[in-house]
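Notes follow once the structure below has been shown.
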Amino acid sequence: MVRELIRVEDIYRSFGPVNVLEGVSIRIDEGDRIGIIGHNGSGKTTLLNTISERNPDMGDVVFTPGLRIAYLTQIRDIDDDATLEMELGRKGRQFEELDDEIAELEAAMADPSFYEDDWQDKMDRYQDLQALSAKSGGANVATRASGILDALGLSQHPIDTPLSVLSGGERAKVALARQLVGLAQIEVLFLDEPTNHLDLQTLDWLEGFLADYEGSLVMVSHDRYFLDRTCNHILEVQNGHVKDYKGNYSAYLQQKKLFLQTLEDRITKAEKEVKRITGALQSMKRANKYDKSISQKHFMLMRQQRQLKWMKSLRPKRRKGLTFSLSSTDKSSLDVLELRDACLTFEGLENPLMKGVFAAVSRGQKIGIVGGNGVGKTTLLRTLIGDVELDSGMVEVQPGTEIGYFHQDHRTLDFNLTPIEQVQRLKPRMEYGDIRAMLGKFQLNRAQVETKLKSLSGGECARLALLKLLLEDNNLLLLDEPTNHLDTDAMEAVEEAFKEYEGSIIIVSHDRWFLDAICDTIWHLPGDGSLNIYPGNYSNVFRK
């Protein structure tokens, strides 16, 4: 029989007047690998925190006695003033309760009165905790974290390296290494967006690490590829409620589609039955037939109406979806862009970013650029638009090619403008009402369209940067991490738009699901200055 680890019974959680979770009940067993999904703001992290902290407003979260948990947070709490050694020596949350209980018992044992009562059980508990700490690596966090860091490809940095000189991706790896220490004795691991800021090599390593981990997993993630490879259950948070689907993300998509189709069929059938019974009642009343059968019809009608109301409540509430449609300008030539014998080096880097690279882009081609952090993916994009000058070689852009660029940090936007002012600058003749309507389609509300961009969130700026691409005339899109800050619904809308786009696309992305959906060619930068070109999408190339 499967052992139950956590039972969640009819929990509620609110923030002010907003009900985030309403009557949620789930069970977490040994061997469960649970992925929590839902749109931004749906309550995914709230659910994760409420379970791990056992703090619902109402309802119960029950842990099996002695359960040990750990939490890999979305926010990588890195101290930039620390060195690599100092940071790796910090203990993660998984040691807190263990250390607190050991300290409590040690304080009690220091009191002579401790030995006046029956102290053997507490002494046995103390010895068990000490053994557990040793197995978990509690006394040697830095050494074990260094081993993980070696697996993540950062062993080349001296142990006294200041974190401030590392890249954002490297700092994310350091935090990951520290937080993953001591999981051998952890029974449930909670993870909140564990793939954020990780390169593809690290993602592959993390998937393998979690596959070998023997405990249960509960994770929030927008990374559909990651969910597909790590989960055997999907929990969808929607409108305060949670629905459980067995299997990975692909299985969830199939089950949800079938569920919604079946639900609509049942609603249609129930509506027809309500109409039939209502018609029969009206006929009976016209015939002045007021006997036992008419009261039975009334009872049938009320029962059917209640059932219809309940089924309609199961329909997902319609969110204002991201409406996104791209059109490319005409380009007569089949050739779009060519990179010839390109060479580029940066001072301080051991290897050149490019060394005699040749590559070409054709009309309608969809190219994904992949490689580890720091190998030059973004620099390659910047080279193609002329922001970075080659040491030698050339970039030849064919006549008629119009380039649109989506920067990872949205630098093409003016952050001192409001969204309305940004669109007016692009399209000065567009009517104000049309601008408001277009911004509304991109999920920007009345208050946000009058707010300066520097005060908006990353997701809001990302949607505005995508709108800017829509309004520009182009036939070659260069995209640097276009799905960052977007929830799954928005990513799916962007995918559909890019698939239908008739121009050429070059994408830098860590989102492997996105690369699979869009690309027909992969450019791989191995980090030695070369460029490997493969036909197919990400899975075609790397999952053979």
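Quantities reported herein were computed from a predicted structural model and do not represent experimental measurements.
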Run Gln448 and Glu460 through side chain to side chain contact (heavy atoms under 4.5 Å, CB included) and show every step you take. CA-CA 9 Å; Gln448 291 163 346; Glu460 290 153 3; 2.8 Å; yes
Within a strict 4.5 Å, meaning less than it, do heavy atoms of the Leu21 and Leu47 side chains meet? yes
In the structure I gave you, are the side-chain heavy atoms of Val375 and Leu353 within less than 4.5 Å of one another anywhere? no
Value rounded to 0.5 Å, distance of CG in Asn475 from CD in Gln398: 11.5 Å
If you round to the nearest 0.5 Å, how far is CG of Leu198 from CG of Asp204? 11.0 Å
Going by distance alone, is a donor N or O of one side chain under 3.5 Å from an acceptor N or O of the other, for His510 and Asp199? no
Heavy-atom check, side chain of Leu413 versus side chain of Gln422, under 4.5 Å: yes
Between Lys452 (side chain) and Asn416 (backbone), is there a donor-acceptor pair under 3.5 Å? yes
Chi angles and distances behind the side chain to side chain contact (heavy atoms under 4.5 Å, CB included) call for Glu236, Ser42: CA-CA 9 Å; Glu236 183 176 31; Ser42 62; over 6 Å; no
Heavy-atom closest pair, residues Gln365 and Ala360: OE1-O, 3.8 Å
Which of parallel (below 30°), tilted (30 to 60°) and perpendicular (above 60°) describes Phe542 and Tyr534? perpendicular
For the residue pair Asn532 and Trp523, establish whether any side-chain heavy-atom pair is separated by less than 4.5 Å. no
Do Asp473 and Glu402 have side chains that get closer than 4.5 Å, going by heavy atoms? no
With a 3.5 Å cut-off and no angle check, do the side chains of Thr195 and Tyr225 form a donor-acceptor pair? no
Using the benzene-type ring in the case of Trp, are the ring centres of Phe226 and Trp513 under 6.0 Å apart? no
Any chance the side chains of Ser216 and Asp32 put a donor and an acceptor closer than 3.5 Å? no
Do Thr418 and Val449 have side chains that get closer than 4.5 Å, going by heavy atoms? no
Going by an N to O cut-off under 4.0 Å, is there a salt bridge joining Arg224 and Glu495? yes
Between atom CG of Leu478 and atom CZ of Arg382, what is the distance when rounded to the nearest 0.5 Å? 12.5 Å
Evaluate Lys468 against Asp414 for salt bridge (charged side-chain N to carboxylate O under 4.0 Å, His left out), listing each step before the verdict. CA-CA 11 Å; Lys468 183 174 181 293; Asp414 187 335; over 6 Å; no
Mind checking what makes salt bridge (charged side-chain N to carboxylate O under 4.0 Å, His left out) contact with Lys243, not counting sequence neighbours? none
Roughly how far apart are Leu191 CG and Leu210 CG, rounded to 0.5 Å? 6.0 Å
Side chain proximity check, Val397 to Ile385, heavy atoms < 4.5 angstrom: no
Give the minimum heavy-atom separation between Asn474 and Ile403, together with the two atoms involved. CB-C, 4.1 Å
Would one find more than 12 heavy atoms of other residues, nucleotides or ligands at under 6.0 Å from atom NZ of Lys256? yes
State plainly whether the residues Lys427 and Glu472 are in salt-bridge range, i.e. N to O under 4.0 Å. no
Got more than 12 heavy atoms from elsewhere within 6.0 Å of CD, Gln261? yes
Between Glu421 and Arg425, is there a salt bridge with N-O shorter than 4.0 Å? no
Looking only at the aromatic ring of each residue, does the gap between the centers of Tyr249 and Tyr252 stay below 6.0 angstrom? yes
Within the supplied structure, the quantity of interest is the number of heavy atoms (other residues, nucleotides, ligands) at a distance under 6.0 Å from Glu264 CD; does it exceed 12? yes
In terms of side-chain heavy atoms, does Asp528 have a donor or acceptor partner in Ser530 at a distance below 3.5 Å? yes
If you compare all heavy atoms of Gly364 against all heavy atoms of Ser504, which two are closest, and at what distance to 0.1 Å? N-OG, 3.0 Å
So which heavy atom on Leu444 is nearest to which on Pro419, and how close? CD1-CB, 4.3 Å
Give the intermediate values and the outcome of side chain to side chain contact (heavy atoms under 4.5 Å, CB included) for residues Val423 and Leu467. CA-CA 9 Å; Val423 175; Leu467 173 57; 4.0 Å; yes
Reference residue Thr378; test side-chain hydrogen bond (donor to acceptor under 3.5 Å, both in side chains); the match among Asp387, Thr383, Asp480: Asp480
CD1 on Ile420 to CZ on Arg436, rounded to 0.5 Å: 6.0 Å
Verdict with reasoning, Arg363 to Asp335, per salt bridge (charged side-chain N to carboxylate O under 4.0 Å, His left out): CA-CA 6 Å; Arg363 186 174 64 191; Asp335 300 321; over 6 Å; no
For Thr345, which residues count as a side-chain hydrogen bond (donor to acceptor under 3.5 Å, both in side chains) partner, sequence neighbours excluded? Asp391
Mind checking the CZ-CG spacing from Arg512 to Asp228? Nearest 0.5 Å is all I need. 10.0 Å
Let me see the working for His410 and Phe415 under ring-ring contact (aromatic ring centres under 6.0 Å, His included), right down to the final yes or no. CA-CA 9 Å; His410 316 311; Phe415 286 84; 7.2 Å; no
Would you please test Leu525 and Val370 for side chain to side chain contact (heavy atoms under 4.5 Å, CB included) and show each step? CA-CA 6 Å; Leu525 292 170; Val370 301; over 6 Å; no
Is Asp192 salt-bridged to Lys44, going by a charged N under 4.0 Å from an acidic O? no
